[in-house]
*Asks:* 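The structure that follows is given in the form of structure tokens.
Each chain gets a letter, A, B and so on, in the order its sequence line appears, and its residues count up from 1.
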2 protein chains.
Amino acid sequence: MSGNAAQEAWVLLTELFFADKPRRAAALAELGLAPMQAGALQVLDPERPMPMSALAQGLLCDNSNVTGIVDRLEAAGLVQRRPDEHDRRVKTLVVTPKGAEVRAQVGEAMATPPPALAALPATDARVLRDLLRRALG
Amino acid sequence: MSGNAAQEAWVLLTELFFADKPRRAAALAELGLAPMQAGALQVLDPERPMPMSALAQGLLCDNSNVTGIVDRLEAAGLVQRRPDEHDRRVKTLVVTPKGAEVRAQVGEAMATPPPALAALPATDARVLRDLLRRALG
DNA sequence: TATTGTTATACTCTATAACTATA
DNA sequence: TATAGTTATAGAGTATAACAATA
């Protein structure tokens, strides 16, 4: 069972992610965001308002969870609920200018690789990136 | 800023992890464990009892968080608190036989790579594993 | 005085089911 | 009937500060 390279790689990746937990938490705390609030901002597109249900799908969670998350983003002035023009059951989420700013900061913080990756020789980094592009492509 | 291979790789890895969230949640739900309970079981060593504080360190969280997590593991019969022999402030955590069983199941579930990784050609998987081994030392 | 583990408090996230208003 | 979003409820994790027992 231990002669599986993909499995070993996955375990190593899990360790890499877990070790990065404090850095992510600190970065989000500095922006005043809880994890799912940050995730929601990333899923939302400032240029393309989307319904609550689309956000739930993007966050891989239930519609009912999204209500509270959006409540808090709205209270922070980062997002607004707007009635949909065609279906009056739907509420469309608009990212405010301030929300777009914070969103960019979140994106930057989350895209910063942890030390172990940042320290990779350029060749290795490219090999890794290309391999992942192919795998997820 | 976008010409950074390590950064792109990190973003792809984040996506890979995020997409795997439902699978992990389902696997743990089947074992009747919440995420941090599963993490605690992984950090604990059935052969080497450790203090609460060591578990907190392993979980990268505060001592106060561990109290509740261990309460629940103990209620489930997976772990026991035992007084330390040398320092009466310390409580030592012992994994029960049932705990060791569940721990192994958690380990197996978490080591299962997501589809995108499992589908890698053997050569790619080895390249990835070796690269990560080097990066994480 | 410092440390281990607990308690208290307040907030966030999760899962489920019931509810409303629309369709 | 079915769907979008909300509400209600209960459990779980988080951060912080205060606390008791022990060192």
*Asks:* Quick one: salt bridge (charged side-chain N to carboxylate O under 4.0 Å, His left out) pairs with a partner in residues 57-81 of chain A, sequence neighbours left out?
*Replies:*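 For residues 57-81 of chain A, and leaving out neighbouring residues, the salt bridge (charged side-chain N to carboxylate O under 4.0 Å, His left out) pairs sorted by first residue read A:D71-A:R81, A:E74-A:R81.
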*Asks:* Give a yes/no on whether any side-chain N or O of B:R81 is located under 4.0 angstrom from OP1 or OP2 of C:dT6.
*Replies:* yes
*Asks:* For B:N65 and A:A34, find the nucleotide of DNA chain C closest to each by heavy atoms; which residue's nucleotide sits nearer the 5' end?
*Replies:*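 Whichever sits nearer the 5' end wins; that is B:N65.
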*Asks:* Same cluster or not: B:W10 versus B:L136, using hydrophobic residues (I, L, V, M, F, W, Y) connected whenever any side-chain heavy atoms lie under 4.5 Å apart?
*Replies:* yes
*Asks:* Rounded to the Å, how far apart are B:D62 CG and D:dA12 P?
*Replies:* 20 Å
*Asks:* For B:S53, report the nucleic acid contact type (base, sugar-phosphate, nothing); a contact means any heavy atom under 4.0 Å.
*Replies:*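 Result for B:S53 = sugar-phosphate.
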*Asks:* Do the side chains of B:R134 and A:D124 get close enough for a salt bridge, i.e. N-O under 4.0 angstrom?
*Replies:*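 Yes, this pair counts.
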*Asks:* Regarding C:dT22, can its base be found pairing with the side chain of A:R88 as donor and acceptor, where the two atoms are less than 3.5 Å apart?
*Replies:*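 Check fails, no donor-acceptor contact within cut-off.
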*Asks:* Starting at CE of A:M52 and ending at C1' of C:dT20, how long is that distance when rounded to a whole Å?
*Replies:* 15 Å
*Asks:* Under 3.5 Å, side chain of B:T92 to main-chain N/O of B:M50, donor-acceptor pair present?
*Replies:* no
*Asks:* Nearest whole Å is fine: how far is C:dT6 C1' from B:L93 CG?
*Replies:* 14 Å
*Asks:* To the nearest Å, how far apart are B:M50 CE and C:dG5 C1'?
*Replies:*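 Rounded to whole Å, this separation is 16 Å.
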*Asks:* Nearest of C:dC13, C:dT22, D:dG5 to any side-chain atom of A:R89?
*Replies:* C:dT22
*Asks:* Without decimals, in angstroms, what is the distance between A:N63 CG and D:dA8 P?
*Replies:*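 So the two atoms are 18 Å apart, to the nearest Å.
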*Asks:* For A:E15, which residues count as a salt bridge (Lys or Arg N to Asp or Glu O under 4.0 Å) partner, sequence neighbours excluded?
*Replies:*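 For A:E15, no residue satisfies salt bridge (Lys or Arg N to Asp or Glu O under 4.0 Å) once neighbours in sequence are set aside.
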*Asks:* Between atom CG in B:L33 and atom C1' in D:dG11, what is the gap in whole Å?
*Replies:*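 B:L33 atom CG is separated from D:dG11 atom C1' by 14 Å.
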*Asks:* Rounded to the nearest Å, what distance is computed from the CD atom of residue B:E74 to the C1' atom of nucleotide C:dG5?
*Replies:*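 It is 13 Å, rounded to the nearest whole Å.
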*Asks:* Hey, does the side chain of A:R72 come within less than 4.0 Å of C:dC13's phosphate (OP1/OP2), counting only N and O?
*Replies:*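 For C:dC13, OP1/OP2 do have a side-chain N/O of A:R72 under 4.0 Å.
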*Asks:* Mark yes or no for a side-chain to base donor-acceptor pair under 3.5 Å between A:S64 and C:dT16, with no hydrogen or angle criteria applied.
*Replies:* yes
*Asks:* Take the protein atom CZ of A:R24 and the nucleotide atom P of D:dA15, then report the distance between them rounded to whole Å.
*Replies:* 13 Å
*Asks:* How would you label the contact of A:D87 with the nucleic acid (heavy atoms, under 4.0 Å): base, sugar-phosphate, or nothing?
*Replies:* sugar-phosphate
*Asks:* Using heavy-atom distances to pick each residue's nearest nucleotide on DNA chain D, tell me which of A:K21 and A:T67 is more 5'.
*Replies:*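 Its nearest nucleotide lies further toward 5', so the answer is A:T67.
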